[in-house]
Amino acid sequence: MKDKEITVTADELQKQKLYTADVAAIMQVRAMHGTPKALVRTYGCQQNVADGERMKGMLSEMGFEFTEYEDEADFILFNTCAIREHAEDRVFGNIGALKNVKRRNPSLLIAVCGCMMEQERVAERIKVSFPFVNIVFGTHVIHRLPEMMYTAVTDSKRVFLRGHESKEIIEGLPVRRDGNTRAWVTVMYGCDNFCSYCIVPYVRGREKSRHPDAIVAECRELIEQGYKEITLLGQNVNSYGKGLPEKVNFSELLRRIDAIDGDYRLRFMTSHPKDATHELFDTIAESRHICHYIHLPCQSGSSRVLKAMNRHYDREKYLDLIRYAKEKMPDLSLTSDIIVGFPGETYEEFCETLSLIREMEFTSLFTFIFSPRPGTRAAEMEDPVTYKEKTQWFSELLKTQEEIAAKRCASMVGSTERVLIEERNEKNGLLSGRTASSIIVEFPGEDEWIGEFKNVKVTEARNWILRGECVD
Ligand code: 5AD
Ligand code: SF4
């Protein structure tokens with residue numbers, strides 16, 4: 001069934017609407033306590049979070065309310081991540097723990113989806129070792145959730161649906177967003193880069209860009225609804241536009257969104273340095289709403305390692321790019337992903353990463369120890385450095401970055417920052433939000449301010465978190 005291509009048409013979505021109504025009727029009767037309840041747990045990246053919000057949208061249409069408690073749920077859905085072995089192990093552990101929940105509630109429906117399920121070996125393991133899982137599906141068929149649930153409840157058969165990558169993008173699915181201040185908008189799906197360590201191109205398929213009009217319309221609607229921050233999502237947003245009938249690149253898309261009036265911020269992720277252009281930085285610098293902030297993963301500071309990673313840029317190109325960007329925007333805030341212990345990486349090459357991060361002064365880093373992913377090229381490479389050594393390098397990296405972040409935060413004391421308030425920190429009772437540069441700021445204030453922008457004078461830096469007081 002894998003690899004066969006299907007086209008998703010309006011008819012297909014119409015068909016799903018019929019299943020939606022049927023499942024809604026069945027679940028009303030099956031539910032333990034009145035209204036059926038679903039628990040949706042998403043692991044991994046923001047793309048998965050965005051998929052989770054769409055599946056919650058579909059479940060809402062099927063009449064579900066949502067719960068965080070397994071014992072209250074009539075339907076449990078785990079939306080999984082395959083990026084590193086640790087993420088997979090955690091998911092397997094959590095699926096295993098559902099066995100007892102199902103024993104207590106035999107009519108519970110359990111589904112597992114997401115990137116892990118696009119791997120044959122994983123789907124097979126679920127089939128054999130976790131017979132209490134009713135539905136297993138991949139990343140290309142989430143719009144068929146109503147149909148899969150219908151089959152599972154009416155035929156009492158296990159449902160396995162993976163592959164079926166379509167050339168078309170599925171527009172028009174309902175979305176149930178997790179908050180009402182910040183929203184995620186997917187601009188493209190998939191990845192064509194095949195970085196040698198990465199499983200994503202295998203589990204998310206080829207790059208596909210959404211039509212710019214659909215993206216602009218979604219952003220406009222969100223801004224009208226009062227959302228204050230929109231993050232555009234894609235594995236490599238800088239290659240947005242490939243394959244669209246209209247010639248439009250990511251910078252052009254950004255300009256079209258930025259033209260929408262309103263009090264909001266725009267961010268995007270993830271950018272790939274090989275496709276980040278001067279035009280992109282010019283666009284950010286000249287925009288009204290785009291944060292002077294970019295997540296631009298360098299992965300390594302060694303040109304040799306970057307080549308082995310199949311990243312298509314070297315240390316010099318990365319440095320040149322950032323030099324240009326900082327000339328345009330001296331206040332630019334940069335974050336990055338780093339992989340420590342790529343197969344064959346030497347300590348000297350790791351030190352080149354340390355020197356790069358010292359030079360770049362990243363606001364924060366997302367750091368990972370290399371994790372071999374079966375099916376990728378790097379998983380086959382010789383890897384003589386022990387895991388123990390890699391963890392020592394990793395600690396060295398963290399320590400270096402902590403010093404950089406603390407220094408950067410300390411330099412902000414005395415400045416006034418525009419902060420979008422996200423929540424109240426339950427531990428210390430302070431409001432918590434982020435600057436445009438994506439640094440957390442905490443300060444005393446009213447609950448009604450949550451979801452608003454406030455100007456905050458920074459009075460103290462606590463490592464990489466700022467404290468301050470509201471000045472308007
Ligand atoms: N091992 C370790 N880190 C990885 N990443 C992706 N694949 C792997 C892997 N096999 C990291 C990269 C990427 C981030 C999302 O996860 O740094 O940018
Ligand atoms: Fe993975 Fe590279 Fe694609 Fe990012 S750009 S998803 S690291 S293959």
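All ligand and atom numbering here is 1-based and tracks the order in the structure. Model, not experiment: these values are computed from the prediction.
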Under 4.0 Å from a heavy atom of His272: which atoms of ligand 2 are those, numbered in the order shown and with their elements? 5 (S)
Please say whether Arg84 places an N or O atom under 3.5 Å from an N or O atom belonging to ligand 1. yes
Is the His272 to Tyr313 ring centre distance short of 6.0 Å? yes
Measure the distance from atom 1 (Fe) of ligand 2 to every protein heavy atom, then report the residue, atom name and distance (to 0.1 Å) of the closest one. Cys198 SG, 2.3 Å
What is the distance from atom CG of Leu233 to atom CZ of Arg267, rounded to the nearest 0.5 Å? 12.5 Å
What atoms of ligand 1 come closer than 4.0 angstrom to any heavy atom of Ser371? 1 (N), 2 (C), 9 (C), 10 (N)
For Asn193, the ligand 2 atoms whose distance to one of its heavy atoms is below 4.0 Å: 5 (S)
Atoms in ligand 1 with a heavy atom of Phe370 nearer than 4.0 Å: 1 (N), 2 (C)
Is NZ or CZ of Arg377 both nearer than 6.0 Å to the six-membered ring centre of Phe194 and within 45° of the ring axis? no
Does Arg256 come within less than 4.0 Å of Glu246, counting only side-chain N to carboxylate O? yes
Please list the nearest protein heavy atom to atom 4 (Fe) of ligand 2 with its residue and the distance rounded to 0.1 Å. Gln235 O, 4.3 Å
pair Glu252-Tyr240: side-chain heavy atoms closer than 4.5 Å: no
For atom 17 (O) of ligand 1, closest protein heavy-atom neighbour: Gln299 OE1, 2.7 Å
His86 atom NE2, neighbour heavy-atom count above 12 within 6.0 Å: no
Show me which atoms of ligand 2 lie under 4.0 Å from any heavy atom of Pro201. 8 (S)
Side chain, backbone, both or neither: which part of Ile369 comes within less than 4.0 Å of ligand 1 when only heavy atoms are counted? backbone
Residue portion contacting ligand 1 (non-hydrogen atoms closer than 4.0 Å) for Phe368: side chain
Could you tell me whether Lys317 and Asp320 make a salt bridge, using a distance below 4.0 angstrom between a side-chain N and a carboxylate O? no
Is the positively charged end of Arg144 above the ring of Phe137, judged by distance under 6.0 angstrom from the centroid and angle within 45° of the axis? no
Closest non-hydrogen protein atom to atom 15 (C) of ligand 1, residue and atom name please, with distance? Asp337 OD2, 3.8 Å
Per-atom filter on ligand 1: closer than 4.0 angstrom to a heavy atom of Arg373 are 10 (N)
Checking Arg84 against Phe368: charged group under 6.0 Å from the ring centre and within 45 degrees of the axis? yes
Please list the nearest protein heavy atom to atom 7 (N) of ligand 1 with its residue and the distance rounded to 0.1 Å. Tyr197 CD1, 3.3 Å
Heavy atom of Arg311 under 4.0 Å from ligand 2? yes
Pair Glu120 + Arg162, salt bridge at N-O below 4.0 Å: yes
Could Arg255 and Glu286 be called an ion pair, given the rule that one side-chain N must be under 4.0 Å from one carboxylate O? no
Which residue supplies the protein heavy atom nearest to atom 7 (S) of ligand 2, what is that atom called, and how far is it? Tyr197 OH, 3.4 Å
Residue pair Lys56 / Asp178, side-chain heavy-atom distance below 4.5 Å: yes
Are any N, O or S atoms from Cys191 nearer to atom 2 (Fe) of ligand 2 than 2.8 Å? no
Closest non-hydrogen protein atom to atom 2 (Fe) of ligand 2, residue and atom name please, with distance? Cys195 SG, 2.3 Å
Side chain or backbone of Val200 under 4.0 Å from ligand 2, or both, or neither, by non-hydrogen atoms? side chain
